[in-house]
Chemist: 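Before anything else, here's the structure in question.
Chain identifiers are assigned alphabetically (A, B, ...) following the order of the sequence lines, protein sequences preceding nucleic acid strands; residue numbering begins at 1 within each chain. On a predicted model such as this, the values are computed, not experimentally measured, just so you know.
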Amino acid sequence: MNEIRVRFAPSPTGFLHVGGARTAIFNWLYARNKNGKFLLRIEDTDPERSKSELSEQIIRSMNWLGMIADEPIVYQALNIERHKQVALMLLESGNAYRAFETAEELEEQRKIAQRNKVPFKYNRASLNLPEVTIKKYLAEGRPYAVRFRVPEGITEFDDIVHGKTSFKNSDIDDFVIMRSDGSPVYMIAVVVDDYDMKISHIIRGDDHLSNTPKQILMYRALGWNVPEFAHLPMILDEEKKKLSKRRNPVSTEEYKDKGYLPEALFNFLTLLGFAPENNAEVVSKEELIKLFTFERVNKKSAVFDMKKLNWINSEYIRNTDTNELIVIAKGSKYLAENGIDLSKFTDVYISSVIMLMKERLNTLNDLYDFGEYFFKDPENYDEKGIVKYWVAEIKPLFREFSKELENFKHWSLLELEEKLRIFAENRQIKAAQLIHLLRLSVTGKTVSPGIFEVIEIMGKDSTNRRIYNFLQKN
RNA sequence: GGCGCGUUGGUGUAAUUGGUUAACACGCCGCCCUCUCAAGGCGGAGAGUACGGGUUCGAUCCCCGUACGCGCUACCA
């Protein structure tokens, strides 16, 4: 068998959509699994929607996820001449013909058909034009589009995930392959580029399933080998609609900014429409490469479940080396936006904080959301906490305890805890009553990791300063 | 409207060639641990496999129909 060559072919309309990322991942996994080539082609033929900066962003997101193309990136717009040339070949061989109708005329016909609820199909008027008329039109310089002449019959193919799929050619319109301004259309561009790139397997979204027979017909008309097709299920949102910006972030970049690890997103996306043997869930890229097979790819569209992503991400955070997390945290947009400058802290400090927080984080951004207090003194205190814990009987005792802390020499987890517990026991109160106040005064919150761990990391000065401020304000 | 694809708990997925109390994970609820979280441990609720017909001794699995969802139906990609 020939070399396996697959490609991911996004159109640069803004960013790498997570649905696209999933398609890219399946292509990539398949290529790696088969020792083949993974290629990237930017489909930038629509000048209205394509901008070069946007393709840069797609490439960046792909790299972030750990995927790079094995050959130079192909920009479809650069191949326009070739697409035209092939369209002309089709015209010359009689597999395509000139259509002189204007877009407006067709639109009108379409409307009428719609009104009468009958399926609209191009009536092939131009195909049946007498030779002389065509010559006359051409002499007049009348503009024309080139339409592919769909032959009679049935087009069948064996989709790798869907199995045997067939379409009646009579249901397929003679589609346009070249516009009247001479520009080629997507439908022919993909076929030509995939052929030129020697793509062996076209792995793409389900939404292209209905386009497949058209493309196969073109391959055949050109006498080209038809590649294999694998159509992946779509990804839907919780409302079972196409992933929409309203409910979920749809761009890969957004997930990065929200503190998701690339490996986690990659793993999660993989699980949408695919399950490795044993139904394993947290699976490394290396394992995934080994385990990937289309036999276990689903036909059914999948719903993007944020909660599961969060869980997977938290698993990855827990299992990622702290030093790596430090690097990521330092580059975090979110922390910066919230005024946290990690370069002001020592790596030892950041490292202790992350080690303590690691198993509590869903995303790296939670480092701020849950642990802001590690990086700045609290400015206000949880109101419910105040009501519940800052009660008259305890106030004097907490003040007294804070004095003792100021002079406490043995600033370590165990000794701090022992000290507090003994203090509480002597005053006949529950240690928890002081602990809650300690937490509230130091963090401003009622929730944190074990408070002795927290103040051990924070250090004596910072802790005492915070308690002092708390007592001043309350 | 036409054509195509799909349909297993709330979600993602399992279930050797038709024979299981329909499994696992996320989520949810409760308990334990405990200074609050998180993690962990233990337990629980939640689907009879969209619906209706077949075929079969027996269908999640095979066939047909219906419903619903999605996609295509552009001189968009």
Chemist: Is there a side-chain contact between A/Leu416 and A/Leu413 in this structure, where contact means two heavy atoms from C-beta onward sitting under 4.5 Å apart?
Modeler: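 Not in contact.
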
Chemist: What's A/Asp207 touching, base or sugar-phosphate or nothing? Going by heavy atoms closer than 4.0 Å.
Modeler: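 Sugar-phosphate: the residue A/Asp207, judged by heavy atoms under 4.0 Å, touches backbone atoms but no base.
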
Chemist: I want to check one thing: is the phosphate of B/rA77, taken as OP1 and OP2, less than 4.0 Å away from some side-chain N or O of A/Thr45?
Modeler: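 Yes, A/Thr45 has a side-chain N/O under 4.0 Å of OP1/OP2 on B/rA77.
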
Chemist: Can you tell me the base-pairing partner of B/rC3? Count Watson-Crick or G-U wobble geometry only, both distances below 3.5 Å, and say none if there is no partner.
Modeler: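 In the structure as shown, B/rC3 has B/rG71 as its Watson-Crick or wobble partner.
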
Chemist: Tell me what A/Gly450 touches on the nucleic acid: a base, only sugar-phosphate, or nothing, going by heavy atoms under 4.0 Å.
Modeler: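 Counting heavy atoms under 4.0 Å across all strands, the contact made by A/Gly450 includes a base.
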
Chemist: For a quick check of understanding: with a heavy-atom distance under 4.0 Å over all strands, which category does A/Met357 fall into, base, sugar-phosphate or nothing?
Modeler: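 Result for A/Met357 = nothing.
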
Chemist: Report the distance from atom CZ of A/Arg41 to atom CG of A/Asn79, rounding to the nearest 0.5 Å.
Modeler: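 Rounded to the nearest 0.5 Å, the CZ-CG separation comes out at 8.5 Å.
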
Chemist: For A/His231, report the nucleic acid contact type (base, sugar-phosphate, nothing); a contact means any heavy atom under 4.0 Å.
Modeler: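 No contact.
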
Chemist: Looking at B/rA77, which nucleotide sits across from it as a Watson-Crick or G-U wobble partner, both distances under 3.5 angstrom, or is there none?
Modeler: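 Per the H-bond distance test, none.
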
Chemist: Could you verify whether a donor N or O on one side chain and an acceptor N or O on the other, from A/Tyr97 and A/Asp174, lie under 3.5 Å apart?
Modeler: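 Short answer, yes.
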
Chemist: So, is A/Arg204 near the phosphate of B/rC72, with a side-chain N or O under 4.0 Å from OP1 or OP2?
Modeler: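 Checking A/Arg204 against B/rC72: no side-chain N or O falls below 4.0 Å of OP1 or OP2.
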
Chemist: Is A/Leu361 touching bases, backbone alone, or none of the nucleic acid, heavy atoms closer than 4.0 Å?
Modeler: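 Nothing, no heavy atom under 4.0 Å.
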
Chemist: Taking only side-chain nitrogens and oxygens of A/His162, does any of them come within less than 4.0 Å of OP1 or OP2 of B/rG6?
Modeler: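 Result: yes.
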
Chemist: How many Å lie between CH2 on A/Trp311 and P on B/rG12, as a whole number?
Modeler: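 Checked: the CH2 to P distance equals 16 Å.
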
Chemist: For A/Gln114, report the nucleic acid contact type (base, sugar-phosphate, nothing); a contact means any heavy atom under 4.0 Å.
Modeler: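 Counting heavy atoms under 4.0 Å across all strands, no contact is made by A/Gln114.
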
Chemist: Please classify the nucleic acid contact of A/Lys308 as base, sugar-phosphate, or nothing, using heavy-atom distances under 4.0 Å.
Modeler: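 Base contact.
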
Chemist: So what's B/rU16 paired with, Watson-Crick or G-U wobble, going by both distances under 3.5 Å?
Modeler: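 B/rU16 is unpaired by these criteria.
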
Chemist: For B/rA50, give its Watson-Crick or G-U wobble partner with both distances under 3.5 Å, or none.
Modeler: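 Matched B/rA50 with B/rU66 under the 3.5 Å cut-off.
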
Chemist: With P as the reference atom in both, quote the distance from B/rU66 to B/rC3 in angstrom, rounded to an integer.
Modeler: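 Here B/rU66 and B/rC3 have their P atoms 11 Å from each other.
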
Chemist: Scan side-chain atoms only and decide if A/Asp181 and A/Ser183 contain a donor-acceptor pair under the 3.5 Å cut-off.
Modeler: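 Note: A/Asp181 and A/Ser183 side chains meet the donor-acceptor criterion.
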
Chemist: Compute whether any side-chain donor of one residue and acceptor of the other, for A/Asp159 and A/Thr165, lie under 3.5 angstrom apart.
Modeler: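 No, because no side-chain N or O of A/Asp159 sits under 3.5 Å from a partner of the opposite role on A/Thr165.
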
Chemist: Any side-chain N or O of A/Arg296 below 4.0 angstrom from OP1/OP2 of B/rU13?
Modeler: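 No, A/Arg296 has no side-chain N/O under 4.0 Å of OP1/OP2 on B/rU13.
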
Chemist: Just checking A/Thr102: base, sugar-phosphate only, or nothing, at a heavy-atom cut-off of under 4.0 Å?
Modeler: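 Base: the residue A/Thr102, judged by heavy atoms under 4.0 Å, touches a nucleobase.
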
Chemist: Describe the nucleic acid contact of A/Leu271 in one word from base, sugar-phosphate, nothing, applying a heavy-atom distance below 4.0 Å.
Modeler: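 Sugar-phosphate only.
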
Chemist: Report which part of the nucleic acid A/Asp171 touches: base, sugar-phosphate, or nothing (heavy-atom distance under 4.0 Å, all strands).
Modeler: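 Touches sugar-phosphate only.
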
Chemist: Quick one: on RNA chain B, does A/Ser314 or A/Gln76 contact a more 5' nucleotide (nearest heavy atom)?
Modeler: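 With A/Ser314 and A/Gln76 compared, the 5'-side residue is A/Ser314.
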
Chemist: Tell me if the side-chain of A/Asn279 makes a donor-acceptor pair with the base of B/rU13, cut-off 3.5 Å, by modelled atom types.
Modeler: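 Indeed there is one.
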
Chemist: Look at all strands and tell whether A/Ala431 reaches a base, only sugar-phosphate, or nothing, counting heavy atoms closer than 4.0 Å.
Modeler: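 If one applies the 4.0 Å heavy-atom cut-off, A/Ala431 turns out to touch nothing in the nucleic acid.
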
Chemist: Does B/rC75 have its OP1 or OP2 closer than 4.0 Å to a side-chain nitrogen or oxygen of A/Arg110?
Modeler: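 Result: yes.
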
Chemist: Using Watson-Crick or G-U wobble geometry with both distances under 3.5 Å, which nucleotide pairs with B/rC35?
Modeler: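 Its partner is none (no Watson-Crick or G-U wobble pair with both distances under 3.5 Å).
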
Chemist: In terms of base orientation, is B/rG30 syn or anti, with the syn window spanning 90° either side of 0?
Modeler: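 Classified anti.
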
Chemist: Classify the nucleic acid contact of A/Asn298 as base, sugar-phosphate or nothing, counting any heavy atom under 4.0 Å across all strands shown.
Modeler: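 It contacts sugar-phosphate atoms only.
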
Chemist: Any N or O donor-acceptor pair linking the side chain of A/Ser180 to the base of B/rC75 at under 3.5 Å?
Modeler: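 Donor-acceptor pair under 3.5 Å: yes.
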
Chemist: Does A/Lys358 make a side-chain donor-acceptor contact with the base of B/rA38, cut-off 3.5 Å?
Modeler: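 No.
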
Chemist: Look through every strand shown and name the nucleotide pairing with B/rG43 as Watson-Crick or G-U wobble, where both distances are under 3.5 Å.
Modeler: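 Here B/rG43 is engaged in a pair, and the nucleotide opposite it is B/rC29.
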
Chemist: Is there a donor on the side chain of A/Thr165 or the base of B/rG4 sitting less than 3.5 Å from an acceptor on the other?
Modeler: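 Between B/rG4 and A/Thr165, which were checked side chain against base, a qualifying N/O pair under 3.5 Å is absent.
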
Chemist: Suppose we call two aromatic rings close when their centres sit under 6.0 Å apart. Are A/Tyr316 and A/Tyr260 close by that rule?
Modeler: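 When the ring centroids of A/Tyr316 and A/Tyr260 are compared, they turn out to be at least 6.0 Å apart.
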
Chemist: For A/Asp181 and for A/Ala432, locate the closest nucleotide of RNA chain B by heavy-atom distance; then report the residue assigned to the nucleotide nearer the 5' terminus.
Modeler: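 Its nucleotide being nearer the 5' end, the pick is A/Ala432.
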
Chemist: Name the pairing partner of B/rG9, where a pair is Watson-Crick or G-U wobble with both distances under 3.5 Å, or state none.
Modeler: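 WC or wobble partner does not exist here.
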
Chemist: Is there a donor in the side chain of A/Arg439 and an acceptor in the side chain of A/Thr443, or the other way round, less than 3.5 Å apart?
Modeler: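 Judged by distance alone, the side chains do not pair up.
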
Chemist: Less than 4.0 angstrom between a side-chain N/O of A/Arg421 and OP1 or OP2 of B/rC35, yes or no?
Modeler: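 Answer is yes, contact under 4.0 Å.
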
